[in-house]
Amino acid sequence: MAGSTDRDDPDRDALVEQVLDLVEAVPPGRVTTYGLLADAVGFGGPRWVGRVLATSGAAVPWWRVVRADGSLPPSHRRSAVAHYLEERTPVRTDASGAVQRVDLPAACWLPPR
DNA sequence: GGGTTGACCAATG
DNA sequence: TCATTGGCCAACC
């Protein structure tokens, strides 16, 4: 019984809001990683966090979320770089001045447990 | 019901 | 530093 509406699970939606809330909580000039957010919510995995931002992250500063090695989001790295320069986020530049990745050890922000 | 994809991570060479 | 491999979890067709 209980025809559960699997696509209307409140728990899942709560986790999504939790992730979005953490992303919004990232201060300017700082960045976090998908794995950190996944660990902060203690659910799903880094891949699931990426999917959340891809589907419902349009309302949050997704550019402050990068990969574990500091690489930029493969889909919008060019746009993200513009935001990093705007927020003065420490980034690593190439010999030609092209931003390759974020200086993670200097900008790594740990989400509140 | 099952295979593929994806804004991923860690380890290895 | 880069490329490859295996594993992880959820959504899509």
Side-chain angles (χ1 to χ4, degrees):
Chain A
M1 341 222 233
S4 46
T5 53
D6 10 337
R7 66 180 189 179
D8 221 10
D9 222 334
D11 281 352
R12 191 156 345 238
D13 187 55
L15 272 326
V16 172
E17 301 237 351
Q18 174 90 9
V19 173
L20 297 178
D21 184 59
L22 287 172
V23 176
E24 287 191 312
V26 179
R30 285 291 149 121
V31 293
T32 187
T33 71
Y34 295 98
L36 260 28
L37 294 175
D39 185 56
V41 298
F43 174 80
R47 239 169 147 141
W48 179 78
V49 175
R51 178 134 335 247
V52 172
L53 296 178
T55 57
S56 300
V60 297
W62 50 263
W63 56 84
R64 289 178 190 159
V65 185
V66 298
R67 289 170 65 154
D69 60 347
S71 300
L72 275 39
S75 297
H76 303 281
R77 65 179 177 201
R78 196 175 172 114
S79 301
V81 171
H83 287 288
Y84 296 144
L85 299 177
E86 183 73 12
E87 304 290 342
R88 287 196 189 167
T89 305
V91 292
R92 253 189 165 207
T93 51
D94 171 288
S96 55
V99 177
Q100 294 297 328
R101 62 180 107 238
V102 178
D103 191 351
L104 206 48
C108 183
W109 176 83
L110 292 328
R113 178 173 52 93

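First the proteins, then the strands, lettered A, B, ... as listed; each starts at 1. What you see is a predicted model; the values in this text were computed from it and never measured.
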Taken to the nearest whole Å, CH2/A:W62 to P/B:dC8 is 12 Å
Would you list the pairs meeting ring pair (Phe, Tyr, Trp, His ring centres under 6.0 Å) in which at least one residue belongs to residues 78-106 of chain A, sequence neighbours left out? A:W63-A:H83
Output all residues satisfying side-chain contact (heavy atoms from CB on, under 4.5 Å) with A:R92, sequence neighbours left out; order by chain, then residue number. A:R101
Within residues 85-93 of chain A, residues whose heavy atoms come under 4.0 Å of DNA chain B: none
Residues passing the ring-ring contact (aromatic ring centres under 6.0 Å, His included) test with A:W109, sequence neighbours excluded, are none
Any base atoms under 4.0 Å from A:A54, or only sugar-phosphate, or nothing? Heavy atoms, all strands. base
N/O donor to acceptor pairs below 3.5 angstrom from side-chain atoms of residues 17-30 of chain A, sequence neighbours left out:
none

Euclidean distance for P, B:dA7 against C:dG7 (whole angstrom): 22 Å
Between CG of A:L36 and C1' of B:dA7 the distance, given in whole Å, is 16 Å
My understanding is that only residues two or more places apart in sequence, or in another chain, count here; which of them pass side-chain contact (heavy atoms from CB on, under 4.5 Å) with A:L85? A:V81
Residues forming a side-chain contact (heavy atoms from CB on, under 4.5 Å) with A:D39, sequence neighbours excluded: none
Which heavy-atom pair separates A:T32 from A:L36 by the least distance, and what is that distance? OG1-CB, 3.6 Å
One character per nucleotide, please: for nucleotides 2-13 of chain C, 5' to 3', B when the base has a protein heavy atom closer than 4.0 Å, S when only the sugar-phosphate does, - otherwise. S-----BBSS--
Who passes side-chain contact (heavy atoms from CB on, under 4.5 Å) against A:E86, sequence neighbours left out? none
